[in-house]
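Contents: one structure, followed by commentary.
No hydrogens, no waters, no symmetry mates; every other heavy atom, side chains included, goes into these values. Chain letters run A, B, ... following the sequence lines, proteins first and then strands; every chain starts at 1.
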Protein chains: 2
Amino acid sequence: MTRTDASDRLNRLDLIEARLKSGEALILADLAAELGVSRRTLSRDIALMRARGVPVEADRGRGGGIRLSARWGVGRMALSYDEAIDLMISLAVAEQLQSPLFMANLGSVRQKLVASFGPRQRAQVARLKSRILVGQHASNPTRESLAPVDATAIRRLHRAFVERRLLQITYSAPERPPTSRVIEPQFLHYNAPVWYVLAWDHLRQDVRTLRCDRITNAQPLGETFELRPFSLFEPALEGDHVLQ
Amino acid sequence: MTRTDASDRLNRLDLIEARLKSGEALILADLAAELGVSRRTLSRDIALMRARGVPVEADRGRGGGIRLSARWGVGRMALSYDEAIDLMISLAVAEQLQSPLFMANLGSVRQKLVASFGPRQRAQVARLKSRILVGQHASNPTRESLAPVDATAIRRLHRAFVERRLLQITYSAPERPPTSRVIEPQFLHYNAPVWYVLAWDHLRQDVRTLRCDRITNAQPLGETFELRPFSLFEPALEGDHVLQ
DNA sequence: AACAAATAGGCCATAAAATGTCCTCTTTGG
DNA sequence: CCAAAGAGGACATTTTATGGCCTATTTGTT
């Protein structure tokens, strides 16, 4: 290996980690040859990795070698922004489900996820739970009318919901002409397996309950909105106030 | 700052990243002073970070500075082994719930989580979904008898379930003397908000359905077990076969 | 238009770190 | 008891990182 740039050692450390992650036990001398450095240098690299917290285990003697501690690296994920938001919402739902089993370690997963957001969004994200309502299971007719969702629209809805931004949507109820609206997605409401968004409709200046699977198009607008009190939406939750 | 050890630059890079994650825009010269290096060196460090994929944005001119791209770093989590397992189980449940909204990005979260496990456990973890059953909501009497769970015991149960290892448990049904058992936790069954484990009881050589919140103690045994066909457990799911 | 405050980055001398070589020591399986 | 493996000390040498001093460029303010 000829040196190419300044970050050579860093790249090598990454390479070593990648090779170790394959799971096999590696022989120092072999890996050194593979990387084009001396055994001693590789030995020093491993020591450095250990000092920085990577649990490289070693077996001495015949049949030995180096490998990663079996359980390390687990859960090192780099989620995309949308994935992180979806996971955030799902964890909020799981917490609402009140199932004690979920709470064992899921709370700390949520904390880590919250911490991974930037400081500006952290506050928004941390208070997500209070904006997600979990209700009863949906009735059978409702369940059967469930339409396949537009993944892009849902992704944008989620984003707008978390970032508190206005969203322009097309709402397509069956046997009605689709309508276009500008909404503030204030609350999400889950009646398994159906999702609703409790929204403030900007044109009509009123509360609307929309079924998420009927949102066929969504365009994020830049503007942000303020949270409105939940009491405003409570009437919409009783009975069947879903917008047709 | 005088050099202290070999991993100095790595630590400095970590520090820079940590400072950037605070979200504010930073002035190169200030940060350099804070870190005890020259402006030129910091400038080189930033260039290196960019080369390695960290999206550091810079505004030139008055009022400028450097900062992280707003959405970067989101979702970078290092979960512990137990957290990863819990998350894995929760995602499996979410997928069983068949709610289209969950499927938007959660599938790819699951894939990334699977990929983050070591090659040995990956296969076990990937097939977890088929071992988790989601049923109806629990009846009110059942719901009311829900006991607070022993977090340690549940953690060990989850681990044993995923790793397919024998588990020695103490099972404490109300108004009965606690019993000690050695079980193979074959399936998990979720009747919101109650969890059951469908187990093969080693002493009795038979199927048992256990309520997870009644497991008051759990000791992992080293031995692994093989999966048994689901048909074996089907009778236990019909009606109320829960072990008292 | 001029200026000041920012980042970007070239060039060079030098101090410091990384590397390779050559060791010795220890552990472990056959 | 030997060979195969990792751990790590010492030292000379190569390579890199650093600081200092530049210039160029961008951008907001006066």
Looking at CD1 of B:I85 and NE2 of B:H158, how far apart are the two atoms once the value is rounded to the nearest 0.5 Å?
9.0 Å
Spacing of B:I46 atom CD1 and B:L26 atom CG [to the nearest 0.5 Å]:
8.5 Å
Starting at CG of B:D59 and ending at C1' of C:dA8, how long is that distance when rounded to a whole Å?
14 Å
Starting from P on D:dG20, measure out to CZ on B:R44 and report it in whole angstrom.
11 Å
Between the protein and nucleotides 28-30 of chain D, which nitrogen or oxygen pairs come in under 3.5 angstrom?
| from | atom 1 | to | atom 2 | distance (Å) |
| --- | --- | --- | --- | --- |
| D:dT29 | O4' | B:R62 | NH1 | 3.1 |

Just the rounded figure in Å: distance from P of D:dA5 to CZ of A:R67.
15 Å
Between D:dG8 atom C1' and A:D45 atom CG, what is the distance in whole Å?
14 Å
Quiz item: cation-pi between B:R131 and B:F161, 6.0 Å / 45°
yes
I would like to know whether B:R67 and B:D59 meet salt bridge (Lys or Arg N to Asp or Glu O under 4.0 Å); could you show each step before the answer?
CA-CA 9 Å; B:R67 65 200 141 62; B:D59 290 322; 2.7 Å; yes
Looking only at atom types and distance, does a side-chain atom of B:R181 sit under 3.5 Å from a main-chain N or O of B:I169, one as donor and one as acceptor?
no
Taking the side chain from A:R50 and the backbone from A:V56, do they hold a donor-acceptor pair closer than 3.5 Å?
yes
For A:I46 and D:dA5, give me the distance from atom CD1 to atom P, rounded to whole Å.
16 Å
Can you measure A:R12 atom CZ to D:dT15 atom C1' for me and round it to whole angstrom units?
12 Å
Would a distance-only check, ignoring hydrogens and angles, find a side-chain to backbone donor-acceptor pair under 3.5 Å from B:R110 to B:A126?
yes
Starting the side chain at C-beta, find the nucleotide from D:dG8, C:dT21, C:dA8 nearest to A:S43.
D:dG8
A:Q186 side chain to A:E226 backbone, donor-acceptor under 3.5 Å
yes
A:R9 vs C:dT19: side-chain N/O to OP1/OP2 distance below 4.0 Å
yes
Which ones in residues 22-30 of chain A lie close to DNA chain D, meaning a heavy atom under 4.0 Å from one of its atoms?
A:L26, A:I27, A:L28
What's the separation between atom OG1 in A:T152 and atom CD1 in A:I215, rounded to the nearest 0.5 Å?
13.0 Å
Could you tell me the separation between the CG atom of B:L48 and the C1' atom of D:dT16, rounded to a whole number of Å?
12 Å
Examine the base of D:dG8 for any acceptor or donor lying under 3.5 Å from a partner atom in the side chain of A:R39, and report the outcome as yes or no.
yes
When the nearest nucleotide of DNA chain C is assigned to A:L42 and to B:A58 on a heavy-atom basis, which residue is associated with the more 5' position?
B:A58
Could you tell me whether A:D86 and A:R155 have a side-chain N and a carboxylate O separated by less than 4.0 Å?
no
Out of C:dC23, D:dA17, C:dG20, minimum distance to the side chain of A:S38 belongs to C:dG20
Tell me which nucleotide among C:dA8, D:dG6, D:dT18 gets nearest to the side chain of B:R50.
C:dA8
Determine whether any donor atom in the side chain of A:R60 lies under 3.5 Å from an acceptor atom in the base of C:dG29, or the reverse, and answer yes or no.
no
For atom CG of B:L10 and atom C1' of D:dA17, their distance in whole Å
13 Å
Looking only at atom types and distance, does a side-chain atom of B:E163 sit under 3.5 Å from a main-chain N or O of B:A160, one as donor and one as acceptor?
no
Angle of first-five versus last-five pair axes in the helix from C:dA1-D:dT30 to C:dG30-D:dC1, to 10 degrees:
40°
A:R71 side chain to B:Y81 main-chain N or O, any donor-acceptor pair under 3.5 Å?
no
